[in-house]
Amino acid sequence: MAGDADRVTDFQRRVYAALERIPLGKVTTYRELARELGCGSAQAIGQALKRNPYAPDVPCHRVIRTDLSIGGYSGQTEGAKIEKKIRLLGEEGVPFDDSGRLVDPSCLFFYA
DNA sequence: TCTGTGACCGCTG
DNA sequence: ACAGCGGCCACAG
């Protein structure tokens with residue numbers, strides 16, 4: 001069937017491919033992700049993630065803001081979705097504090 | 001700390 | 001092909 005996959009653009013696929021390169025227990029930032037993709041706009045990355053038709057298969061929760069704050073999830077910047085994101089990361093060994101900030105910066109992953 | 005503005009890029013119409 | 005819109009951001013005030 002011509003499903004959601006057909007709506008996925010090459011750019012989106014690149015984003016998702018990059019996400020899968022993030023090791024378990026690690027996270028990356030929108031900026032770094034954009035840099036890896038040769039994209040000058042971190043917002044464009046977020047746009048692609050929001051439209052992610054493969055969620056939650058694609059680990060879009062392993063992406064946080066450059067200032068190490070939790071960022072958004074599933075189109076939301078706050079609320080239950082975010083709580084879920086924090087919980088998921090916690091399960092993966094990437095703890096966040098009450099302020100929604102990354103506790104251990106060493107969990108950050110950077111592309112070679 | 002928080003709000004507002006900026007700049008960039010991709011997407012849809 | 002063109003133009004307008006929106007975004008899980010970034011940065012300055």
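The sequence lines fix the lettering, A, B, ..., with proteins before strands; numbering per chain opens at 1.
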Protein heavy-atom contacts under 4.0 Å, written 5' to 3' over nucleotides 2-8 of chain B as B (base), S (sugar-phosphate only) or - (none), form the string -----BB
Rounded to whole Å, CZ of F11(A) lies from P of dG7(C) at a distance of 15 Å
note: R13(A), atom CZ; dC11(B), atom P; distance rounded to Å ~ 12 Å
For the side chain of T29(A) and the backbone of I64(A), is there at least one donor-acceptor N/O pair under 3.5 Å apart?
no
In terms of heavy-atom contacts, K81(A) and Y73(A) come closest through O-CD2, 3.2 Å
In whole angstroms, the gap separating P of dG10(B) from CG of L49(A) amounts to 14 Å
Within the structure, does a side-chain N or O atom of R51(A) lie under 4.0 Å from either OP1 or OP2 of dG7(C)? no
In L102(A), I70(A), V63(A), the residue satisfying side chain to side chain contact (heavy atoms under 4.5 Å, CB included) with V27(A) is L102(A)
Atom CD of Q76(A) and atom C1' of dC9(C) are separated, to the nearest Å, by 16 Å
Verify whether one side chain among E20(A) and Y16(A) offers a donor that lies under 3.5 Å from an acceptor in the other. no
Residues 34-46 of chain A vs side chain to side chain donor-acceptor pair (under 3.5 Å), sequence neighbours excluded, gives R21(A)-E36(A)
Taking G72(A)'s backbone N and O only, do any of them form a donor-acceptor pair with R65(A)'s side chain (distance below 3.5 Å, no angle check)?
no
The side-chain hydrogen bond (donor to acceptor under 3.5 Å, both in side chains) partners of S106(A) (sequence neighbours excluded) come to D104(A)
Interatomic distance, CD@Q12(A) vs CD@Q47(A), rounded to 0.5 Å, equals 8.5 Å
To the nearest angstrom, the CD-C1' distance between E78(A) and dC9(C) comes to 16 Å
N/O to N/O distances under 3.5 Å, protein versus nucleotides 11-13 of chain C:
none

Residues of residues 90-102 of chain A with a heavy atom under 4.0 Å from any atom of DNA chain B, listed by number, are none
One should read off an interatomic distance between L68(A) CG and S99(A) OG, to the nearest 0.5 angstrom, of 12.5 Å
Whole-Å distance, L37(A) CG to dC9(B) C1', equals 12 Å
**Request:** Using a 4.5 Å cut-off on heavy atoms from C-beta on, say whether the side chain of F96(A) contacts that of L89(A).
**Result:** yes
Rounded to whole Å, CD of Q12(A) lies from P of dC9(B) at a distance of 17 Å
Taken to the nearest 0.5 Å, the spacing of R14(A) CZ from I45(A) CD1 works out to 9.0 Å
For DNA chain C, the dot-bracket notation using Watson-Crick and G-U wobble pairs below 3.5 Å, [ ] for pseudoknot-type crossings and | for other-strand pairs, is .||||||.|||||
Value for CD1 (I22(A)) from NE2 (H61(A)), rounded to nearest 0.5 Å, stands at 9.0 Å
Test your reading of the model: is there a side-chain donor-acceptor pair from Y111(A) to the backbone of L37(A), 3.5 Å cut-off? no
Taken to the nearest whole Å, CZ/R35(A) to P/dC9(B) is 14 Å
Sidechain N-carboxylate O distance under 4.0 Å for E92(A), R62(A): yes
